[in-house]
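Read through the structure below, which is laid out as structure tokens, and then see the notes.
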Amino acid sequence: MDSSQDWWKSRDLPERLGPMMTKELRQGLRRGLFLYPFIGIQVFAIAAMAVEFQMNIDDIEKSTEFGGPLNFLMFFPGEMFSGPFWVVVGLICLVMMPLGGLMLMGQELEEGNHELLLMTPLSRWKVVRGKFLTLWGICLLTFSSLLPYAIVRYFIGGIDVGRNISLALTVVLGSGMIASGAIGASSFKGMIARIGVLGLFLGSMALSMMACLMSAGARTGGAGVFFHLNAYGIFFCYTVLGLAMARSRIRLVVHHYEVKPSWMIIGLLFFTPFVIGMAAAVTTGYAGFVGAIGMGFVAWYADVTPKAPSWVNAPVPNVPQPPQLPSVPEEGMDVLASAEEAQVPSSSEKEGD
């Protein structure tokens with residue numbers, strides 16, 4: 001019996017993953033969240049490789065100096081086209097799998113599970129972070145299964161290693177941002193509201209990337225150091241914005257003097273492109289990432305529950321106490337005991353009666 005229990009425990013998820021991540025992984029594996037996209041991407045990748053074998057090697061990857069992270073133009077046909085293989089990777093790892101997060105927060109809010117979760121030691125950040133790491137981790141795990149195909153493409157010849165590394169970074173960073181936005185949008189009721197919020201998130205992200213990356217690329221003449229710094233700043237900003245939106249929707253109490261947290265995050269989505277654009281303009285197009293990092297920290301601390309300082313003592317609980325009987329001195333207790341003995345008849349007296 002003990003050996004069978006050890007056998008099952010050895011195949012369970014490790015505790016260091018955290019309770020929320022373990023919960024989401026178990027539910028996702030039961031729903032086939034990983035299995036079906038994994039099989040689909042292998043089939044489509046093989047088909048894309050077969051198409052590339054029939055193409056001219058010069059048509060697979062066009063040379064460009066702007067091959068840096070978060071340059072999504074490399075996935076579309078045109079001057080920066082990277083071939084059918086990366087189109088398949090982008091559709092599955094940047095669109096299909098991250099958009100699965102549109103259902104993650106709804107199951108907690110519609111059934112009231114978030115109230116039970118917040119009664120445990122889990123904080124709001126831990127709840128949304130566990131969901132994000134699960135979804136993003138599955139995207140990255142699926143993407144890592146395509147490395148053998150990338151090696152085959154390299155040995156065929158005509159493949160730029162640096163360009164493919166930039167494409168891989170685009171998939172990693174882009175899937176994280178889109179997954180975060182999908183999780184934030186999933187906290188709203190109704191599919192129309194979720195699609196609208198996700199559209200706002202993606203539009204804000206696109207405007208920020210245009211203001212940040214294009215200006216840096218124009219100033220440096222390609223994807224240089226500042227181009228990469230701006231890309232990482234955009235990733236930090238919009239990952240935090242998406243998670244902050246989901247976090248704001250599971251807040252249990254909103255005080256009368258507070259602005260509704262979810263509206264505050266939506267307002268940040270409107271103003272973030274302007275702030276990043278102003279930062280890029282002030283730094284003559286180089287350091288737009290300063291504004292992106294700043295807006296990320298604003299979103300991080302925008303929805304903070306007010307707490308008393310550590311030096312303030314907790315108030316005394318106002319709990320009504322039960323009524324207390326008046327105390328009787330010991331001499332009085334002896335008198336009462338002797339009086340009770342005198343009033344109670346003995347057993348012999350009862351038999352006589």
Taking all atoms of both residues into account, what is the closest heavy-atom pair of [X] and [Y], and its distance?
X: Lys131; Y: Leu104; value: NZ-O, 3.3 Å
X: Val172; Y: Trp136; value: O-NE1, 3.1 Å
X: Tyr286; Y: Asn230; value: O-ND2, 3.1 Å
X: Leu173; Y: Pro69; value: CD1-CB, 4.2 Å
X: Gly224; Y: Thr220; value: N-OG1, 4.1 Å
X: Ile265; Y: Leu241; value: CG2-O, 3.8 Å

Look at atom [atom1] of [X] and say whether more than 12 heavy atoms of other residues, nucleotides or ligands are closer to it than 6.0 Å.
X: Met264; atom1: CE; result: yes
X: Phe72; atom1: CZ; result: yes
X: Met191; atom1: CE; result: yes
X: Ile192; atom1: CD1; result: no

[Y] side chain reached by [X] side chain, heavy atoms, under 4.5 Å:
X: Met177; Y: Met205; value: yes
X: Ile41; Y: Phe143; value: no
X: Tyr149; Y: Met49; value: yes
X: Val290; Y: Thr283; value: no
X: Phe75; Y: Val171; value: yes
X: Ser166; Y: Asn71; value: no
X: Ile234; Y: Phe289; value: no

Verdict with supporting geometry, Ser204 and Tyr238, side-chain hydrogen bond (donor to acceptor under 3.5 Å, both in side chains): CA-CA 9 Å; Ser204 176; Tyr238 279 91; 2.7 Å; yes
If we ignore hydrogens and angles and just use 3.5 Å, is the side chain of Ser145 paired with the main-chain N or O of Thr142 as donor and acceptor? yes
Quick check: does any side chain N or O of Arg124 sit under 3.5 Å from a backbone N or O of Arg247, one acting as donor and the other as acceptor? yes
Transitive ILVMFWY side-chain link [X] to [Y], under 4.5 Å:
X: Trp263; Y: Val240; value: yes
X: Val282; Y: Phe226; value: no
X: Phe227; Y: Leu207; value: no
X: Ile293; Y: Tyr301; value: yes
X: Val128; Y: Met103; value: no

So, taking the atom named [atom1] in [X] and the one named [atom2] in [Y], what distance separates them when rounded to the nearest 0.5 Å?
X: Met295; Y: Leu268; atom1: CE; atom2: CG; value: 4.5 Å
X: Thr170; Y: Asn164; atom1: OG1; atom2: CG; value: 11.0 Å
X: Met245; Y: Ser248; atom1: CE; atom2: OG; value: 7.0 Å
X: Leu213; Y: Leu229; atom1: CG; atom2: CG; value: 11.0 Å
X: Ser175; Y: Met97; atom1: OG; atom2: CE; value: 9.0 Å
X: Ile178; Y: Cys139; atom1: CD1; atom2: SG; value: 9.0 Å

Would you list the pairs meeting side chain to side chain donor-acceptor pair (under 3.5 Å) in which at least one residue belongs to residues 176-197, sequence neighbours left out? Glu110-Arg194
What do the steps show when you test Trp300 against Leu243 for side chain to side chain contact (heavy atoms under 4.5 Å, CB included), and what is the final call? CA-CA 9 Å; Trp300 191 298; Leu243 297 182; over 6 Å; no
Any pair with a residue in residues 175-200 that passes ring pair (Phe, Tyr, Trp, His ring centres under 6.0 Å), sequence neighbours left out, goes on the list, sorted by first then second residue, please. none
